[in-house]
Amino acid sequence: MNQEELKRHVRYDPATGLFYRLSTNAVAGCKDSHGYVVLKIGSKMFKAHRLAFLYMLGRFPKGDVDHVNMQRADNRWINIREATRRENNVNLRSRPGSSSKFLGVAFSKTHSKWAARIRTPQGRKLLGYFDCEVAAAMAYHRAAKSEHGDFARGNPEAVAAQ
């Protein structure tokens, strides 16, 4: 598949992130079981966010594609960016069942405090123990921005609570 072949089948609207079939002008694609939009071009299935790169830049992304707002079906051009696997993995939400609503924060029963930890290429790093969950979240937020740059999700809710 190349850009020319893709443009013979569909039109991409970068403002909405939607693809339209040229033959019918109908919206193309549907969500898969993981929440990503997929399209069938010819006899092959493609993820829409990868096709957006091909449509706009004439090439598939070299690595992963990250959805900035973490909405897998939102394929607006401003919401998708090329990323390494590591960069893509740091833009995530707090895990369900976690003892904290914040990323990188968990309650330590041993210390009776909130622990803040971050993953780095060298492994998990303890940022400290805190009396307050929000203080631990702020420590993670600062470390995430420093360690992961633009791809860090951090804890914007903790910043807003300050």
Side-chain angles (χ1 to χ4, degrees), residues 1-98 100-105 116-121 124 127 134 136-162:
M1 167 75 61
N2 61 38
Q3 185 185 47
E4 184 180 311
E5 183 180 349
L6 177 63
K7 288 184 174 186
R8 282 197 305 263
H9 294 278
V10 294
R11 173 179 57 85
Y12 171 66
D13 181 349
T16 64
L18 298 175
F19 282 87
Y20 297 89
R21 296 244 176 247
L22 294 181
S23 59
T24 62
N25 205 32
V27 174
C30 61
K31 285 186 188 177
D32 69 8
S33 61
H34 300 286
Y36 292 104
V37 175
V38 294
L39 286 82
K40 188 173 185 179
I41 306 289
S43 61
K44 190 168 180 195
M45 295 296 286
F46 294 92
K47 288 187 176 167
H49 55 269
R50 298 187 68 79
L51 288 178
F53 271 83
L54 179 60
Y55 194 95
M56 296 295 288
L57 303 178
R59 64 171 178 80
F60 282 108
K62 293 176 181 79
D64 286 359
V65 174
D66 179 52
H67 290 81
V68 177
N69 69 3
M70 297 183 299
Q71 302 298 314
R72 294 174 172 177
D74 183 353
N75 294 307
R76 290 173 298 137
W77 188 242
I78 62 167
N79 188 53
I80 57 177
R81 59 187 171 183
E82 204 163 0
T84 64
R85 178 58 48 96
R86 181 175 180 268
E87 288 168 335
N88 200 14
N89 286 341
V90 299
N91 185 16
L92 42 77
R93 291 185 174 90
S94 182
R95 296 192 186 280
S98 173
S100 174
K101 63 185 174 190
F102 297 111
L103 280 175
V105 177
R117 292 182 177 83
I118 190 166
R119 289 193 188 276
T120 70
R124 287 183 71 187
L127 302 171
V134 173
M138 286 300 298
Y140 175 84
H141 183 82
R142 287 187 297 275
K145 294 295 181 186
S146 174
E147 180 71 33
H148 305 302
D150 290 340
F151 286 88
R153 169 112 172 101
N155 284 310
E157 303 87 2
V159 173
Q162 289 285 293

Item to check | Atom pair CE (Met56) and CD (Gln3), whose distance is rounded to the nearest 0.5 Å | outcome: 9.5 Å
Item to check | Asp74 backbone acceptor or donor facing Asn79 side chain under 3.5 Å | outcome: yes
Next on the checklist: By the definition side chain to side chain contact (heavy atoms under 4.5 Å, CB included), identify the one residue from Arg86, Arg85, Glu82 that meets it with Asp64.
Outcome noted: Arg85
Item to check | Distance (rounded to the nearest 0.5 Å) between Leu127 CG and Arg142 CZ | outcome: 9.5 Å
Next on the checklist: Please give me the minimum heavy-atom distance between Pro121 and Glu147, naming the atom from each residue.
Outcome noted: CD-OE2, 3.2 Å
Item to check | Arg81 side chain vs Val68 backbone, donor-acceptor pair below 3.5 Å | outcome: no
Next on the checklist: Run Tyr36 and His67 through side chain to side chain contact (heavy atoms under 4.5 Å, CB included) and show every step you take.
Outcome noted: CA-CA 10 Å; Tyr36 292 104; His67 290 81; 3.9 Å; yes
Next on the checklist: Within the structure provided, determine whether Leu22 and Arg8 are in side-chain contact (heavy-atom separation under 4.5 Å).
Outcome noted: no
Item to check | Closest heavy-atom pair and its distance - Ile80, Phe53 | outcome: CD1-CE1, 4.0 Å
Item to check | Distance-minimising heavy-atom pair for Lys31 and Ala73 | outcome: CE-CB, 3.5 Å
Item to check | Residue pair Ala136 / Ala116: nearest heavy atoms and the distance that separates them | outcome: O-CB, 3.5 Å
Next on the checklist: Minimum heavy-atom separation for Ser100 and Val105, please, with both atom names.
Outcome noted: CB-O, 3.2 Å
Next on the checklist: As a quick check of understanding, evaluate ring pair (Phe, Tyr, Trp, His ring centres under 6.0 Å) for Phe19 and Tyr12, giving each step before the final call.
Outcome noted: CA-CA 4 Å; Phe19 282 87; Tyr12 171 66; 4.8 Å; yes
Next on the checklist: Could you measure the distance from the CZ atom of Phe60 to the CG atom of Leu54? Nearest 0.5 Å is fine.
Outcome noted: 4.5 Å
Checklist outcome for this item: Rounded to the nearest 0.5 angstrom, the CZ-NE2 distance for Arg72 and His49 is 9.5 Å
Next on the checklist: Less than 4.5 Å apart, side chain to side chain, heavy atoms only: is that true for Asn69 and Arg76?
Outcome noted: yes
Next on the checklist: Just verifying a value: how many Å separate Asn75 CG and Asp13 CG, rounded to the nearest 0.5 Å?
Outcome noted: 12.0 Å
Checklist outcome for this item: To the nearest 0.5 Å, atom CG of Asp32 lies from atom SG of Cys30 at 8.0 Å
Checklist entry - Between Ile41 and Arg21, is any pair of side-chain heavy atoms under 4.5 Å apart? => result yes
Item to check | Val10 to Ala28 - nearest heavy-atom pair and separation | outcome: CG1-CB, 4.4 Å
